[in-house]
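Encoded as structure tokens, the structure appears first; notes follow it.
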Amino acid sequence: MRQRIRVAVIGGGQNVEHDVSRASAASARAALDPAKYEAVAFTIGRDGVWCDGDGRAFGVSPAGSLAGAMQALSTCDIVLPLLHGPLGEDGAIAALCELAGLPYVGSPPRAGALAMDKWATKLLAEALGVRTAPGTLVTSADEVAFERPVVVKPVAAGSSFGVRLVRSEAELRPAILAALEHDDRALVEHLVIGREIDIAVLDDPQGGPRTGPPLEIIVHNGLFDTVAKYSGGAKFVVPAPLSDHESALLTTAALRVYRALGCRGVARVDFFLTESGPILNEVNTMPGMTEASQLPKIFAAAGLSYPDLLDHLLQAATRIVST
Ligand SMILES: Nc1ncnc2c1ncn2[C@@H]1O[C@H](COP(=O)(O)OP(=O)(O)O)[C@@H](O)[C@H]1O
Ligand SMILES: [Mg+2]
């Protein structure tokens with residue numbers, strides 16, 4: 001019998017998206033075709049200590065456990081890092097794999113780091129001619145005065161943690177302080193009025209990156225915040241009802257940003273569609289990957305089931321190494 005491919009599925013991580021990542025990892029492990037793949041679970045604790053699939057720590061400290069985890073990772077054929085947020089999606093885990101010479105799914109360190117930084121992404125997108133919300137970078141709550149409704153958010157976080165809509169002067173300072181709890185830099189952005197549309201990009205080793213059908217997020221009131229994300233307060237519509245022209249503008253912008261950042265494997269590029277066209281919100285190089293998350297839903301609607309999507313990602317990453 002042909003040997004199964006050992007896939008190290010890494011979840012958890014040292015940030016507020018720890019549980020979201022564990023859900024992505026558990027969902028992926030359950031969906032990998034057992035005839036072809038052997039899923040080997042790794043979890044990074046909130047404290048940085050790596051554990052195996054039975055919850056046993058590889059060591060007592062982050063460094064000690066990492067040494068043990070590397071030993072175990074070296075018995076795997078490929079790494080599937082399903083980590084969101086800082087010290088994972090920001091290129092850290094890709095860098096570890098690069099240093100260790102382990103094939104891995106997803107973007108290389110630079111793309112992860114740039115996309116995790118909403119300020120850097122904004123500068124890069126604007127330079128490419130892809131519009132973003134006008135915004136200011138702040139490192140203290142004393143730096144800005146209230147002039148109009150804004151959205152305040154940490155430069156690098158996720159799952160809407162630390163993101164607040166500010167409609168009055170009194171709300172501004174608390175919002176900046178809340179964002180600065182997640183990062184030492186915050187973004188104060190003009191409130192964009194528009195539909196929220198996500199474009200998923202998937203690398204096709206033969207034909208280069210391609211996009212899935214646009215997905216619209218319908219939020220019943222206000223922002224697509226943490227509560228709406230994880231308590232069923234939002235609805236996804238895929239394909240989003242858009243004109244061919246609107247779809248073309250969004251997919252062209254998504255691919256332009258994906259390529260310029262140097263993303264690999266997969267990414268979800270999130271936009272607002274306004275009366276004057278698309279405005280880029282952010283790029284996720286490792287978006288939510290449970291079967292019910294936006295990106296798997298997008299490709300399922302295009303005929304690529306969740307197990308086949310994972311298979312596609314693993315195959316594509318293996319091919320990068322073997323060429
Ligand atoms: N400038 C903005 N204008 C309007 N809504 C915004 C703006 N920035 C963020 N939002 C809302 O807040 C949500 C979370 O913000 P986002 O930047 O995507 O952070 P995260 O990385 O945590 O997902 C978005 O999905 C959107 O609903
Ligand atoms: Mg977002």
Side-chain angles (χ1 to χ4, degrees), residues 1-15 17-112 203 205 264-266 285-286 289-291 296 306-323:
M1 194 187 92
R2 206 171 67 85
Q3 281 264 305
R4 293 195 300 165
I5 300 165
R6 276 171 66 82
V7 182
V9 182
I10 310 180
Q14 301 171 64
N15 62 58
E17 292 186 278
H18 179 93
D19 290 332
V20 179
S21 163
R22 287 183 78 153
S24 292
S27 193
R29 285 199 311 270
L32 284 173
D33 176 3
K36 188 168 175 189
Y37 296 109
E38 180 189 353
V40 185
F42 292 82
T43 303
I44 304 177
R46 286 193 174 80
D47 56 0
V49 171
W50 289 62
C51 293
D52 67 13
D54 298 318
R56 274 192 303 262
F58 285 104
V60 287
S61 66
S65 70
L66 183 55
M70 285 312 292
Q71 191 68 43
L73 282 171
S74 71
T75 71
C76 296
D77 300 301
I78 188 157
V79 181
L80 177 58
L82 298 176
L83 296 161
H84 311 309
L87 293 181
E89 188 180 358
D90 62 354
I93 202 75
L96 185 74
C97 293
E98 295 275 359
L99 286 166
L102 296 168
Y104 62 97
V105 170
S107 285
R110 185 193 55 204
D203 266 337
R264 193 194 292 155
V266 68
T285 54
M286 187 44 74
M289 286 293 262
T290 72
E291 190 162 8
Y306 182 57
D308 287 348
L309 168 67
L310 296 171
D311 185 52
H312 179 106
L313 288 170
L314 290 162
Q315 298 268 8
T318 311
R319 223 161 299 172
I320 288 169
V321 173
S322 57
T323 50

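No hydrogens, no waters, no symmetry mates; every other heavy atom, side chains included, goes into these values.
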- Between D308 and Y306, is there a donor-acceptor pair closer than 3.5 Å when you use the side chain of the first and the backbone of the second? no

- Below 4.5 Å, heavy atoms only, C-beta onward: do I93 and I44 meet side chain to side chain? yes

- Of all the heavy-atom pairs spanning C51 and A57, show the shortest one and how long it is. SG-CA, 3.8 Å

- Can you check whether M70 reaches F58 side chain to side chain, under 4.5 Å on heavy atoms? no

- Item | Listed once per pair and sorted, the side-chain hydrogen bond (donor to acceptor under 3.5 Å, both in side chains) pairs that draw on residues 68-77, sequence neighbours left out | R6-T75

- Hey, can you tell me if W50 and F42 have their rings parallel, tilted or perpendicular (30° and 60° cut-offs)? perpendicular

- Task: Check whether any side-chain heavy atom of L96 lies under 4.5 Å from a side-chain heavy atom of L66, and answer yes or no.
- Result: yes

- Item | Contact check, side chains of V266 and H312, non-hydrogen atoms, under 4.5 Å | no

- Query: Counting only heavy atoms not in R46, do more than 12 sit closer than 6.0 Å to its CZ atom?
  - Reply: yes

- side chain to side chain donor-acceptor pair (under 3.5 Å) against T43, all qualifying residues, sequence neighbours excluded: none

- Message: Which heavy atom of V105 sits nearest to which heavy atom of P81, and what is that distance?
- Response: O-CD, 3.3 Å

- Which atom names give the shortest non-hydrogen contact between N15 and H84, and what distance separates them? ND2-O, 2.9 Å

- Which distance, rounded to the nearest 0.5 Å, do you find between the CD1 of I78 and the OH of Y104? 10.5 Å

- Task: Please check if atom CZ in R29 has more than 12 non-hydrogen atoms from other residues, nucleotides or ligands closer than 6.0 Å.
- Result: yes

- Considering non-hydrogen atoms only, spot the tightest contact between P296 and T290 and give its length. CG-O, 3.1 Å

- Message: Quick one, S107 and M286 - any side-chain contact, counting heavy atoms below 4.5 Å?
- Response: no

- Note on the structure: When I5, D311, L314 are each screened for side-chain contact (heavy atoms from CB on, under 4.5 Å) with L32, the one that passes is L314

- CG (L83) and CD (E17) are apart, to the nearest 0.5 Å, by 10.5 Å

- Task: Output the distance between atom CG (D47) and atom OG (S65), rounded to the nearest 0.5 Å.
- Result: 8.0 Å

- Item | Shortest non-hydrogen contact between V49 and P62, atoms and distance | CG2-N, 3.9 Å

- Note on the structure: What one should report as the nearest heavy-atom pair of E291 and S27 is N-OG, 3.1 Å

- Task: For D54 and R56, indicate whether the former's side chain and the latter's backbone hold a donor-acceptor pair under 3.5 Å.
- Result: no

- Item | Side chain proximity check, L313 to M289, heavy atoms < 4.5 angstrom | yes

